[in-house]
Amino acid sequence: MQPLTNMLPRIFAAHSASTGIGILKVWLLLLLGFMVFAGAIYLWFRKASPAAGDSRPDNPRFQTWDEAFNRAITHDLRFFIEYVNRDGEISERVITPKSIHLMRGQKWLFIKAQCHLRNDERTFRSDRIQFARNLKTKRVINDLGAYLRSRY
């Protein structure tokens, strides 16, 4: 079987000779087809990652993108966590999550919580939580961010 690059000149020559369509018109048709294909790919990616101006998320649970990316935690959950800060220091804390915040282009999410160690509201990156345990059920949670995201 011949490669397509070897066959194209013969196809165009045969096509233009038999129908009277010039080679330029054939190339324009190919260009138009490519543009349609590229447009379809663009729309598919645009739908996969919404622009800031899009008004409604694909998930019917949420009315707005703000609602989809920032979710309140309505239950009084308390977790014991081991947290590594940006300097690599590990601290043990008891937190009560208040909300989760997803950021575009990030693999983690932010957990806004009441920190009982500092007696203040703090924000924790989910990827920096090394260990988490639900204090009510005593269950160990492997990924607190994913756990909260799946429930709220």
Side-chain angles (χ1 to χ4, degrees), residues 1-9 11-12 24-152:
M1 184 167 175
Q2 294 181 352
L4 185 61
T5 54
N6 293 344
M7 294 172 54
L8 283 176
I11 292 170
F12 291 142
L24 181 61
K25 290 182 182 179
V26 171
W27 280 109
L28 287 175
L29 287 173
L30 281 173
L31 181 62
L32 179 65
F34 174 76
M35 289 172 53
V36 168
F37 176 73
I41 295 295
Y42 167 77
L43 290 176
W44 183 77
F45 275 111
R46 185 172 175 258
K47 185 176 182 179
S49 61
D54 290 347
S55 59
R56 300 243 351 206
D58 293 335
N59 188 334
R61 278 182 40 197
F62 308 110
Q63 296 298 314
T64 65
W65 284 110
D66 186 53
E67 194 178 305
F69 283 101
N70 304 300
R71 304 180 200 167
I73 297 174
T74 55
H75 296 90
D76 190 28
L77 301 172
R78 291 175 67 142
F79 295 94
F80 169 80
I81 65 168
E82 288 180 3
Y83 187 75
V84 179
N85 68 12
R86 75 180 102 195
D87 298 324
E89 299 169 352
I90 298 174
S91 62
E92 296 179 346
R93 301 164 183 254
V94 174
I95 62 169
T96 303
K98 302 295 181 191
S99 60
I100 58 175
H101 305 274
L102 298 136
M103 305 299 279
R104 289 181 195 212
Q106 303 296 336
K107 295 178 183 175
W108 61 81
L109 56 92
F110 292 95
I111 301 169
K112 189 177 283 188
Q114 179 67 31
C115 175
H116 299 282
L117 175 67
R118 304 286 185 224
N119 200 23
D120 194 15
E121 190 171 276
R122 299 289 170 102
T123 303
F124 301 94
R125 267 182 42 179
S126 65
D127 66 320
R128 292 185 178 163
I129 297 173
Q130 302 297 309
F131 175 83
R133 184 177 66 238
N134 186 324
L135 290 178
K136 183 176 181 180
T137 65
K138 306 295 186 220
R139 179 177 167 208
V140 173
I141 309 297
N142 291 327
D143 183 350
L144 185 59
Y147 175 82
L148 294 172
R149 187 174 181 193
S150 70
R151 285 158 177 74
Y152 298 96

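- Checking side-chain atoms of Asn85 against main-chain N and O of Asp87 turns up a donor-acceptor pair under 3.5 Å.
- Formation of a donor-acceptor pair under 3.5 Å by the Ser126 side chain with backbone atoms of Leu109 is found in this model.
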What do the steps show when you test Asp76 against Arg78 for salt bridge (Lys or Arg N to Asp or Glu O under 4.0 Å), and what is the final call?
CA-CA 7 Å; Asp76 190 28; Arg78 291 175 67 142; over 6 Å; no

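- Counting heavy atoms from C-beta outward, Arg118 and Arg93 have side chains that approach closer than 4.5 Å.
- Taking the side chain as every heavy atom from C-beta outward, Ile129 and Ile141 never approach each other to under 4.5 Å.
- The structure places CZ of Phe110 at 10.0 Å from CG of Leu102, a figure rounded to the nearest 0.5 Å.
- Nearest heavy atom pair, residue Tyr147 against residue Asn134, reads OH-ND2, 3.9 Å.
- The distance from the CZ atom of Phe79 to the CZ atom of Phe124 is 12.5 Å, given to the nearest 0.5 Å.
- Counting heavy atoms from C-beta outward, Leu77 and Lys136 have side chains that stay 4.5 Å or more apart.
- Partners of Glu121 by side-chain contact (heavy atoms from CB on, under 4.5 Å), not counting sequence neighbours, listed by chain and number: Lys98, Lys112, Gln114.
- Here the closest heavy-atom approach between residue Pro97 and residue Ile111 is recorded as CB-CG2, 4.1 Å.
- Atom CD1 of residue Ile81 and atom SG of residue Cys115 lie 7.0 Å apart, to the nearest 0.5 angstrom.
- Within the 4.5 Å cutoff, the side chain of Ile95 has heavy atoms near those of the Leu144 side chain.
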